[in-house]
Structures are given as C-alpha cells and as structure tokens.
Amino acid sequence: MHKPTILLVAGARPNFMKVAPVWRALDEARKFRLVLVHTGQHYDDNMSKVFFDDLKLPRPDVHLGVGSGSHAEQTAKVMLAFEPALMDADPDLVVVVGDVNSTMACTLVASKREVPVAHVEAGLRSFDRTMPEETNRMVTDILSDLLFIHSPEAKDNLIREGVDEKKIHFTGNVMIDSLRFYAADAEKSMILKDLGLEGARYGLVTLHRPSNVDDAAVLAPLMAALTDVGRQCPLVFPVHPRTRAVIERIGLEPEEAKIRMIEPIGYLDFVKLMRYSSLVLTDSGGIQEETTALGIPCLTIRDNTERPITVTVGTNRLVGTRPERIVAEAHDALQHGTSGAKIPDLWDGQAATRIAQAITQFLYEQS
C-alpha cells in the first residue's frame with residue numbers, strides 16, 4: 001500500500017514542542033512516510049540542538065540552516081532553501097506549527113507548489129499588526145487546507161477572515177501534550193539542585209520580544225520593575241541571546257540576589273523550573289499556556305495576547321509594560337495565587353492524536 005508522505009516543519013524553539021507530539025502520533029499510526037525539516041531559524045546550539053535531545057525527536061531529515069537576518073531576509077532564505085527540499089520529498093501534505101517566519105515561508109512555498117498545508121495552532125490573533133507573528137498567522141491560515149485550533153475563539157477569528165468552517169478542527173493544545181508527555185523526564189532534571197533552589201521560593205522570567213528588549217529605553221524600566229519584584233521573590237532569568245546582547249550593551253546587569261541571569265536551558269530543565277516557581281513573568285506565548293496547565297500564576301508583559309483563553313479561563317494576567325503595574329500585579333499574584341483558574345477544554349494531552357486522526361481522514365479520503 002502506498003503511504004502518503006508528510007513533511008513536518010520546525011523552525012524556532014517553541015516549534016519543537018509542538019512538532020514532537022504530532023510526529024509521534026503520526027508515526028504511531030504507521031500509515032505515513034514522515035520527513036522532518038528543521039529550517040534552522042534558531043541557530044544558537046543551546047536553543048536548538050538540545051531540544052531534539054530533550055524531546056527525543058529524530059534528527060531532522062533535512063536541515064536548511066538559514067540562521068538569522070531581518071524578517072524579510074529570513075523569510076526569503078527559508079523559501080529558497082525549502083523549495084528544493086519540498087520537491088525532493090514530494091509530500092502529500094506539509095504540516096507547519098506556530099507563527100514564526102518559517103511557518104509562513106514554508107506555507108507560501110507549499111501553496112505555490114499546490115501541496116496541501118496543515119497548520120497546527122491556527123486562528124490565534126493578537127489584533128496587533130505591528131507583531132511580525134500576526135502577519136505570519138494570518139498568511140498561514142488563509143493558505144492552509146487543515147486548520148487545527150486549540151480554543152473556541154480561534155474558530156471565530158478564522159470564520160471572520162473567510163476561512164471555510166469545514167477546514168477547521170478543534171483538536172486541543174499540542175503544547176500541553178508535550179508538557180504532560182515529558183513531565184516525568186522533567187521531574188528528573190537537576191536544575192533546581194544545580195541552582196541551589198530546592199525548597200526555595202523563586203520566580204521565573206523570560207523576555208525576548210523585540211518590542212520589549214531591542215530598545216534600551218523600554219528594557220531598562222522593565223529590568224527595574226523585575227528588580228523590584230526580585231525584592232519580594234528572587235527571580236531566575238534564562239536569558240535569550242537577543243536579550244543578553246542588549247543588557248550587556250547598555251550595562252543593565254542586575255543584582256544576582258534579586259535577578260539571577262543564566263544561560264538558555266533545555267526544555268526539560270525549563271519545565272522543572274516553571275513547575276516549582278511561585279510566579280512566572282514572560283512575554284512568550286507558549287508559556288502563558290503552560291503556566292495555565294500547571295496552575296502557576298503568570299504575568300504577561302505585553303499589551304495584548306493572542307491567547308486570551310489563558311486570561312479568561314487560566315492563570316494568566318495581561319499586565320502591560322508599565323513598571324508600577326508589573327510590580328503591583330506580581331505582589332498580588334504572590335499573595336493570592338490563581339483562585340478560580342481552570343484548564344481549558346481539550347488541553348488534555350490528546351491533541352496530537354486528534355490531529356493524526358484528522359490528517360488520516362484528509363489524506364486517505366481524498367486519495
């Protein structure tokens with residue numbers, strides 16, 4: 001029997017946690033030939049290779065190695081490198097995840113080559129067109145043939161933009177699949193012992209969005225706010241290379257007793273740190289979801305979120321970037337926790353199974 005070929009694309013750090021459960025569910029179905037493509041959009045070894053090791057993903061069949069560049073340059077590099085890989089694999093379906101430049105670039109190439117595209121984590125909208133990710137989401141969704149969503153408002157967003165409702169599948173959240181699947185491995189991590197945090201109260205910080213870290217006039221007051229929070233609860237800050245470069249350039253190195261800056265860490269170490277933290281402060285999308293699933297208070301240092309269900313149902317608070325509000329909300333979260341928060345529907349660890357079922361139906365019924 002002919003097995004349809006599925007090409008799965010991962011580009012940046014969060015993509016790997018989304019690809020892993022989908023790859024595993026499709027592999028277990030034993031009905032497909034799978035080709036894993038890593039575009040190399042994240043080029044720092046600590047931020048990429050260690051994820052394949054932690055997540056037990058196979059080494060990519062194709063590594064495009066595109067590296068850094070402006071948004072336009074990086075998108076163009078991915079498109080130029082991906083087209084030969086696509087033609088060589090001759091897939092029946094391309095699966096893309098998330099909202100990074102690689103997601104949109106590979107979708108554009110597949111669409112031009114008339115290869116169907118499935119988008120995992122479709123329909124998310126911040127309604128902020130200044131975010132590069134928003135453009136990536138909108139372009140990817142309008143060109144995709146299968147759209148896998150993880151919350152009801154995503155369906156509303158897609159229908160509003162003219163997407164055929166028949167293409168939309170409410171399958172749940174693959175990030176939570178990974179969080180649950182790797183929980184036991186994460187628990188074995190020695191990161192708390194290595195950092196001297198066993199039994200200690202601490203908060204966890206991640207900052208990487210250009211709007212927060214590229215401009216010293218924005219980053220400096222954010223670091224001051226985090227220092228104030230660190231007086232109440234010491235913070236651990238795995239520093240994204242982008243953020244570290246700005247901090248070092250403008251001399252913002254904080255007091256270690258309040259903010260402990262460490263190198264980027266692998267997924268399992270990060271989950272362990274997050275699981276035992278008292279508070280998470282972030283501008284990341286995925287971490288808003290993971291903290292909701294873990295029941296950890298989360299402050300999102302942004303003015304908008306494409307994941308509103310983490311606020312309306314989960315443990316997330318959208319606090320903006322004003323230092324006084326960040327400090328006040330952190331104090332309140334540390335005092336009162338996450339009362340009333342719930343885990344959203346279908347964030348149950350089975351999203352990838354539902355995705356594999358929908359893909360099987362799509363490929364075998366149309367052939």
Side-chain angles (χ1 to χ4, degrees), residues 8-26 42 47-48 50-52 54-57 95-100 102-103 118-126 133 136-137 140 147-154 169-186 204 206 208 238 265-275 277 280 282-296 298 300 302 305-316 341-356 358:
L8 296 95
V9 178
R13 179 176 178 144
N15 286 176
F16 306 143
M17 290 87 84
K18 297 165 189 172
V19 166
V22 177
W23 183 91
R24 195 163 48 245
L26 291 170
H42 267 171
M47 296 187 68
S48 195
V50 70
F51 272 73
F52 285 105
D54 279 355
L55 299 179
K56 301 182 178 69
L57 275 170
V95 177
V96 297
V97 299
D99 55 18
V100 298
S102 296
T103 305
H119 184 202
V120 176
E121 202 179 76
L124 303 188
R125 297 291 182 269
S126 67
E133 296 92 341
N136 294 342
R137 295 176 198 124
T140 300
L147 297 104
F148 299 120
I149 63 171
H150 71 26
S151 53
E153 73 276 2
H169 301 263
F170 182 23
T171 49
N173 193 333
V174 291
M175 286 286 282
I176 309 311
D177 287 21
S178 282
L179 193 66
R180 292 192 174 205
F181 185 83
Y182 299 107
D185 287 338
L204 181 60
T206 74
H208 74 279
I265 54 178
Y267 176 66
L268 301 179
D269 287 339
F270 188 84
V271 169
K272 180 75 173 277
L273 266 181
M274 184 165 51
R275 171 71 181 82
S277 66
V280 175
T282 187
D283 58 10
S284 161
I287 291 170
Q288 297 171 47
E289 298 173 348
E290 291 168 326
T291 48
T292 279
L294 291 170
I296 306 294
C298 178
T300 296
R302 288 168 48 189
T305 179
E306 64 285 349
R307 293 162 167 85
I309 198 167
T310 63
V311 178
T312 58
V313 174
T315 64
N316 187 24
K342 299 176 182 176
I343 297 176
D345 290 343
L346 299 192
W347 291 27
D348 57 3
Q350 298 300 316
T353 300
R354 298 184 194 102
I355 288 170

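Positions are given from 1, in the same order as the sequence printed here.
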Mind checking the [atom1]-[atom2] spacing from [X] to [Y]? Nearest 0.5 Å is all I need.
| X | Y | atom1 | atom2 | result |
| --- | --- | --- | --- | --- |
| Arg24 | Thr353 | CZ | OG1 | 9.0 Å |
| Leu204 | Thr282 | CG | OG1 | 8.0 Å |
| Ile343 | Thr310 | CD1 | OG1 | 13.0 Å |
| Leu273 | Ile265 | CG | CD1 | 4.5 Å |

With respect to Thr300, which candidate in Thr305, Thr291, Asn316 satisfies the side-chain hydrogen bond (donor to acceptor under 3.5 Å, both in side chains) definition?
Asn316
Full working for salt bridge (Lys or Arg N to Asp or Glu O under 4.0 Å) between Asp185 and Lys56:
CA-CA 11 Å; Asp185 287 338; Lys56 301 182 178 69; 2.8 Å; yes
Without swapping roles, check the side chain of Gln350 against the backbone of Leu346 for a donor-acceptor pair under 3.5 Å.
no
Run the numbers on Asp54 and Tyr182 for side chain to side chain contact (heavy atoms under 4.5 Å, CB included), then give the verdict.
CA-CA 9 Å; Asp54 279 355; Tyr182 299 107; over 6 Å; no
For Met175 and His150: C-alpha separation, side-chain torsions, deciding distance, then whether side chain to side chain contact (heavy atoms under 4.5 Å, CB included) applies.
CA-CA 10 Å; Met175 286 286 282; His150 71 26; over 6 Å; no
Do [X] and [Y] come within less than 4.5 Å of each other through their side chains, counting heavy atoms only?
| X | Y | value |
| --- | --- | --- |
| Arg180 | Ile176 | yes |
| Val97 | Val174 | no |
| Pro152 | Ile309 | yes |

Under a 3.5 Å cutoff, is there a donor and acceptor pairing between the side chains of Asn136 and Thr103?
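No.
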Which atoms form the tightest heavy-atom contact between [X] and [Y], and what is the distance?
| X | Y | answer |
| --- | --- | --- |
| Ile287 | Phe270 | CD1-CZ, 3.5 Å |
| Gly98 | His119 | O-NE2, 2.7 Å |
| Ile149 | Ala122 | CG2-O, 3.5 Å |
| Pro21 | Ser178 | CD-OG, 3.3 Å |
| Asp177 | Ala352 | OD2-N, 2.7 Å |
| Ala293 | Leu179 | CB-CD2, 3.7 Å |

Would you check, one step at a time, whether the test side chain to side chain contact (heavy atoms under 4.5 Å, CB included) holds for Glu121 with Arg307?
CA-CA 11 Å; Glu121 202 179 76; Arg307 293 162 167 85; 3.1 Å; yes
Run Trp23 and Leu57 through side chain to side chain contact (heavy atoms under 4.5 Å, CB included) and show every step you take.
CA-CA 8 Å; Trp23 183 91; Leu57 275 170; 4.3 Å; yes
Taking only residues two or more places apart in sequence or in another chain, which ones pass side-chain contact (heavy atoms from CB on, under 4.5 Å) with Ala358?
Phe148, His169
Results of side-chain contact (heavy atoms from CB on, under 4.5 Å) for Leu26 - residues two or more places apart only:
Ile6, Leu8, Val22, Phe32, Leu34, Ala356, Ile359
In plain terms, say whether Arg302 and Asp283 are close enough for a salt bridge, that is, a side-chain N and a carboxylate O under 4.0 Å apart.
no
Is Arg354 salt-bridged to Asp348, going by a charged N under 4.0 Å from an acidic O?
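Yes, charged N to carboxylate O under 4.0 Å.
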